[in-house]
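The structure under discussion appears below in the form of structure tokens.
First listed ligand is number 1; within each ligand, the first listed atom is number 1.
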Amino acid sequence: MASSDLLSLRGQVAVVTGASAGIGRACAVELARAGADVAVSFHGSHEGAAETVSRIEALGRRAIAVQGDVGTETDVISLFDETERQLGPADIVVSNAGLQRDAALSDMTLDDWETVIRTNLTGGFLIAREAVRRFRAKGRRPEVSRALGKLIFDSSVHQRIPWALHVNYAASKGGLKLLMESVAQEVASEGIRVNAVAPGAIATDINRTEREKQGGMDAMLTLIPHGRVGDPEDVGRVVAFLASDASDYIVGQTLFVDGGMALYPGFRGNG
Ligand code: BGC
């Protein structure tokens with residue numbers, strides 16, 4: 001097979017959570033660009049999800065928007081039911097939905113903690129469990145992929161880099177790292193490939209306040225050797241690669257998509 005064929009997702013169905021904006025939307029669009037039909041899972045923004053759907057349709061692919069909360073078991077089950085009913089069983093699942101509730105440790109409420117763990121980590125567990133169940137039920141489709149299924153988590157550089165004033169977020173992403181690796185180890189022999197991306201500073205709503213505050217952008221750029229904040233598409237393209245047979249021998253890995261942020265650039269000429 002030519003290598004361009006290996007990158008094709010034609011004939012496959014993808015589910016992307018948190019796809020009404022930001023990195024989730026870019027993943028959904030890049031998967032569609034590679035040929036997949038996409039279920040756009042979203043929590044709050046109907047308009048955002050509709051925009052993602054129309055960008056996918058403009059690429060000639062099918063898309064549906066499905067509202068739900070990744071931290072709620074029944075919502076996750078109906079997301080997969082709805083996808084199957086309208087598009088067919090999922091071959092690719094991207095667990096992307098995530099949020100921040102920032103506070104100094106001494107000011108962090110239990111609600112701040114639980115909200116972040118519930119969406120970022122418990123959501124990842126519920127999506128992963130349902131994805132694996134559905135991949136097994138679907139069975140192999142060798143005409144579209146070597147894998148029985150592909151599961152990709154959207155983690156963060158903060159699965160590795162400690163983050164003061166964001167301990168709930170860093171703990172959720174550290175948890176995701178070993179969730180991903182343990183699930184990968186558990187299901188790889190069945191042909192289910194599980195991997196993650198770890199984005200650094202990507203221009204989305206999650207860090208808009210930080211980027212737009214006085215001096216914020218300059219401060220952020222000191223952390224990025226590449227010299228620019230990332231675009232959501234920088235991450236979406238890597239997710240599309242991890243979903244494709246071009247990455248068939250990559251199992252249980254995290255690809256850092258961070259312009260070098262995880263290289264601890266403060267040590268250049270220092271230490
Ligand atoms: C966070 C962003 C932050 C970036 C780099 C991401 O995981 O969600 O707010 O800008 O990490 O620190």
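- At least one heavy atom of Met261 sits less than 4.0 Å from an atom of ligand 1.
- For atom 3 (C) of ligand 1, the nearest non-hydrogen atom of the protein is Trp163 CH2, 3.8 Å.
- Listed by atom number, the atoms of ligand 1 under 4.0 Å from Ser156 heavy atoms are 6 (C), 7 (O), 11 (O).
- The closest protein non-hydrogen atom to atom 4 (C) of ligand 1 is Gly200 O, 3.5 Å.
- Protein heavy atom in closest approach to atom 10 (O) of ligand 1: Asn207 ND2, 3.3 Å.
- Counting heavy atoms closer than 4.0 Å to ligand 1, residue His158 contributes side-chain atoms (C-beta onward) but none from N, CA, C or O.
- Among Gln100, Gln159, Met220, His166, the residue whose heavy atom lies closest to atom 2 (C) of ligand 1 is Gln100.
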>> Show, in sequence, the C-alpha distance, side-chain angles and deciding distance for Ile127 and Phe80, and conclude whether the side-chain contact (heavy atoms from CB on, under 4.5 Å) test is met.
In response: CA-CA 9 Å; Ile127 291 290; Phe80 282 83; 4.3 Å; yes
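- For the salt bridge (Lys or Arg N to Asp or Glu O under 4.0 Å) with Asp91, the qualifying choice from Arg10, Lys150, Lys138, Arg134 is Lys138, the only one to do so.
- Of the charged side-chain nitrogens involved, none lies within less than 4.0 Å of a carboxylate oxygen, so that Arg118 and Glu114 do not count as a salt-bridged pair.
- Annotation: side chain of Leu242 is in contact with side chain of Ile250 (closest heavy-atom distance under 4.5 Å).
- Between Asp112 and Arg101 there is no salt bridge, since none of the side-chain N atoms of the basic residue sits less than 4.0 Å from a carboxylate O of the acidic one.
- Between Asp234 and Arg228 there is a salt bridge, since at least one side-chain N of the basic residue sits less than 4.0 Å from a carboxylate O of the acidic one.
- Here's the thing with Tyr169: one of its N/O atoms is less than 3.5 angstrom from an N/O atom of ligand 1.
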